[in-house]
Amino acid sequence: MPIALDILFPIPTPAFSYLLPFDANIPSIGVRVVVPWQQGLRIGLLVGVREVGASLGLELKQIITVLDSQPFVLPKQTELILELAQSSCSPAGLVLSTLLATGLNEELIHEARAIEGIKDISISTEHWVLASQLDNINLFREQGLIKEQIRIVPIKHKVLKIAKPIDENLQGKRQLNQRIALEWLDSVESVASGSELARQADVSESAVRTLVKKGYITYVEEDAPEPALPSYPSYEINKEISFLSDADYIVISGGSKEERIAALYDGIARALANDRSVLIIAPEQSLIAETASYLQAKFPTLVLSGELNDRQRKRLWHDLQEQAVVLVASYFGFLAPLHKLGQIILIEESSSSHKLRSGPRLFSPSVAKALAKKINCPIILTDSLISAESLLLTKKANAEHLQLPYLEQRYYFSDMSSSNNWPLSANLLQVLNQVKDRSRQAILLSPRRGYSAALGCTSCGEIISCPNCDLSLKYYQEQKKLRCHQCSTELSIPKTCSNCNSYELQAMRGAGTEWILKTVKRQIPGIPVYRYDSDQRDDLSAMLAGEAGVVVATSAILRHQPLSNVSLIALTLFDSLLAFSDYRAEEEALRTVLSLNELAPNKRPLILLQSFQLEHKLFKILRASDKLKAINSFLEELLIRRKAYNYPPYSKIARIQISAKDEQIAYHESNRIFDTLKIHCKEHAELLGPSQMAIFRIRNFYNYQIFISDLSSQGFDELLKPIIPYRGQVRVRIDIEPREIGGFLE
DNA sequence: GTGCCTCCATAC
DNA sequence: TATGGAGGCACA
């Protein structure tokens with residue numbers, strides 16, 4: 001029986017079937033294979049082997065060669081890819097292209113020669129010929145007339161080397177510089193370029209150029225050296241927290257970031273001592289770097305992040321197989337070649353950055369849990385505040401929750417509803433003056449960049465909104481621009497209101513970094529003020545060195561190295577944390593406030609929150625004398641409510657997003673999809689919608705959403721069968737375990 | 001008719 | 001993802 005191979009490519013499709021040549025051995029799952037693809041070649045990953053009927057065997061193309069003798073992606077990880085595809089309702093190739101950091105885009109040398117005894121084609125039987133020089137290679141292959149071989153192109157680089165020794169033609173006075181350059185090159189053997197040699201030997205570039213022209217030195221291609229991997233500063237941890245657990249689901253919450261990492265040490269040391277690797281997944285570049293900084297002094301640590309270029313990734317893939325290590329990684333770590341994985345650690349379990357916003361929209365903690373289950377290893381999650389999901393799971397057997405004491409924080413709550421000062425209350429200004437008097441530092445957090453959330457007309461109330469989106473344009477006073485934070489459209493500022501022709505256009509709604517910065521400069525003259533958001537990242541090195549100053553920032557500052565002399569952290573509008581109408585908003589807001597101290601580790605700055613709703617229950621928690629108790633009862637209440645509404649973690653939710661350029665089509669098609677699903681799912685799912693998304697129109701696309709919860713654990717691949725793959729006139733995107741689901745609850 | 005662009009289906 | 005074909009548009 002012919003053998004068919006299921007091969008996955010990094011494109012959004014399921015696996016394709018190819019035929020194994022009849023004389024070839026069956027390769028192992030997870031190796032890379034090279035196959036004919038349209039006009040050329042392509043590298044894919046072998047994910048399945050099966051027998052097929054002889055008739056199908058005639059229709060399929062044959063693979064050309066197997067690239068690896070050992071699996072490139074371990075069989076368990078290969079299974080994980082297929083499982084994730086199923087659970088995320090997306091094609092397996094899309095999961096592969098999202099998670100695999102390297103290996104499928106190698107440049108290949110493809111050669112062919114005629115099989116012995118075949119004379120009637122124009123190809124040599126003795127010499128390999130480059131396939132690119134042959135016209136009908138596909139035809140020859142199908143007829144079985146040729147043999148083919150494929151090699152990965154080794155990476156070369158060009159260097160300057162000596163081609164012939166100094167001779168009498170270089171003895172003249174005017175050739176002095178050339179002699180110097182030649183002698184220098186003789187002593188160092190090779191340099192990367194002509195200008196590099198000129199610089200090193202301290203001669204002119206033209207002297208070097210002349211040497212090349214005369215043939216004394218020449219460019220040679222040689223194997224490129226292994227690229228250096230990025231290095232990180234080492235941080236010492238002053239706390240010792242001894243903690244070892246044999247549970248297979250462990251949560252470490254509370255304390256400071258540093259303490260949570262200290263609590264990981266014993267477990268990591270034990271894994272390494274048992275020759276097991278440790279995989280640490282962090283949600284952001286800066287957290288990857290920080291975590292690596294804490295660990296590398298104690299453990300052999302490697303780092304895999306999106307910042308590595310292709311050659312560095314290849315080197316890392318090689319280095320990872322040498323010994324048991326700690327790998328600190330982005331989600332790329334899930335398919336890294338760690339042969340003996342002993343534990344998986346997730347940093348900042350609840351960070352929204354763990355949710356991938358493209359492709360199959362995976363949620364890293366869920367991927368980590370699936371992998372841990374598959375290879376039967378423990379998983380450890382850390383965060384400032386335990387998530388509702390984890391709280392429920394740690395109540396089960398073989399789970400453990402290490403609750404570190406919450407840091408004693410000094411809070412001050414400033415009531416904006418009774419304040420006349422906007423955007424900075426009198427209280428905040430007073431504290432800022434103290435900061436200035438004592439030459440300390442302050443961080444003011446703004447919910448947005450720009451000057452204000454909108455520019456509007458004071459006489460008729462008209463707000464200028466984006467021509468492409470249902471959003472107000474953000475006002476940039478300095479640049480004299482209006483900008484849409486969704487589609488990046490920029491408009492210049494109109495002189496008059498388009499509605500009533502009045503000249504009274506003014507900054508409206510929430511204050512952004514520009515506005516706050518301007519206010520601080522005016523009200524607190526004499527202290528340096530910096531801005532730090534994704535539009536403008538001021539150089540904060542003076543503040544890093546301890547000098548006095550105020551930083552007005554968005555959450556971008558959380559990714560900056562902590563400042564050293566901070567005595568005030570202010571959230572200028574606490575209420576914006578609750579503005580997302582997501583059922584997780586309160587939990588997230590509390591988590592954000594609890595982790596504000598990370599901006600000034602080992603210090604105890606005043607944390608000042610400005611709010612219009614000081615009666616909100618989160619303030620009671622922050623005020624409580626027994627914070628731990630208050631937080632715990634908040635979390636327990638949260639679980640009770642989630643259970644009552646049947647929300648996660650008590651059910652699984654998916655969002656179906658329907659978009660179309662035509663509003664009517666979007667409306668009708670989302671209703672049609674809703675009805676189709678209703679009939680298909682019967683009592684196994686609860687369906688909500690279709691409703692307009694929080695921003696109905698984005699980039700001229702109209703967006704509807706349908707929520708579906710899986711009531712009897714059928715799996716969304718089953719529930720959504722009628723619409724995957726979707727063929728129709730709108731764009732349909734499926735998001736399992738969605739985050740930031742605006743307008744869903746209450 | 002040509003050139004250029006966008007949209008969209010398709011890949012074994 | 002990447003490629004090519006279909007269809008639209010401007011221009012000669």
Side-chain angles (χ1 to χ4, degrees), chain A residues 1-22 24 26-27 29 31-67 73 78 81-82 84-85 88-108 110 132 137-139 141-144 148 150 306 310 313 331-332 335 356-362 468 487 658-662 665-666 669 698-702 723-733:
Chain A
M1 287 275 250
I3 303 280
L5 304 177
D6 293 324
I7 296 167
L8 208 52
F9 301 94
I11 58 176
T13 66
F16 289 117
S17 299
Y18 282 81
L19 212 59
L20 184 70
F22 72 96
I26 295 181
I29 298 288
V31 295
R32 292 173 298 171
V33 294
V34 180
V35 302
W37 180 271
Q38 299 190 340
Q39 263 31 269
L41 298 181
R42 179 143 210 166
I43 304 177
L45 189 73
L46 178 61
V47 299
V49 178
R50 62 204 155 84
E51 287 191 344
V52 288
S55 58
L56 184 61
L58 290 174
E59 288 171 25
L60 299 175
K61 290 186 184 176
Q62 283 189 1
I63 66 159
I64 298 177
T65 188
V66 174
L67 271 183
V73 174
T78 311
I81 296 171
L82 301 179
L84 291 172
S88 69
C89 299
S90 35
L94 191 59
V95 176
L96 177 72
S97 69
T98 307
L99 294 184
L100 188 62
T102 183
L104 299 180
N105 284 312
E106 308 286 341
E107 207 183 318
L108 300 171
H110 180 197
S132 54
I137 183 146
N138 288 340
L139 206 68
R141 180 187 306 125
E142 278 159 27
Q143 295 171 10
E148 291 167 87
I150 281 166
D310 207 48
R313 291 174 194 204
Y331 54 87
F332 285 141
L335 296 188
L356 307 192
R357 280 169 306 173
S358 61
R361 301 180 174 215
L362 300 171
N468 308 318
C487 72
I658 296 118
S659 353
K661 275 198 163 158
D662 184 302
I665 290 176
E669 190 63 5
I698 298 177
R699 291 167 198 261
N700 281 324
F701 272 81
Y702 293 86
I723 57 163
I724 31 182
Y726 171 82
R727 306 229 164 263
Q729 39 182 352
V730 297
R731 192 154 75 196
V732 170
R733 277 176 294 190

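Sequence lines set the chain letters: A, B, ... in the order given, protein chains first and strands last, and positions in each chain run from 1. Computed from a predicted structure; not experimentally measured.
- Residues A:Pro360 and A:Leu99 are not in side-chain contact: their nearest non-hydrogen atoms beyond the backbone lie 4.5 Å or more apart.
- Contact annotation for A:Pro36: no contact, since no heavy-atom pair falls under 4.0 Å across all strands.
- When the nucleotides B:dA11, B:dC12, C:dT1 are ranked by their closest atom to the side chain of A:Thr13, B:dA11 comes out on top.
- Taking atom CG of A:Asn700 as the reference point, atom P of B:dC7 lies 12 Å away to the nearest angstrom.
- Side-chain polar atoms of A:Ser17 and A:Arg50 form a donor-acceptor pair below 3.5 angstrom.
- In this structure, A:Phe9 and A:Phe16 have tilted ring planes: the angle between them lies in the 30° to 60° band.
- Looking at A:Arg42, its side chain never comes within 3.5 Å of a backbone N or O of A:Leu104 through a donor-acceptor pair.
- Separating the CG atom of A:Leu94 from the P atom of B:dT10 is a distance of 19 Å, rounded to the nearest angstrom.
- For A:Lys661, the listed nucleotide lying nearest its side chain is B:dC7; candidates were B:dA11, C:dT1, B:dC7.
- The CH2 atom of A:Trp37 sits 9 Å away from the C1' atom of C:dT1 (whole-angstrom rounding).
- In this entry the distance linking CD1 of A:Ile11 with P of B:dC12 reads 9 Å, nearest Å.
- For A:Leu60 and B:dA11, the CG to C1' distance is 14 Å, given to the nearest whole Å.
- Computed from coordinates, the A:Leu41 CG to B:dA11 C1' distance equals 15 Å when rounded to whole Å.
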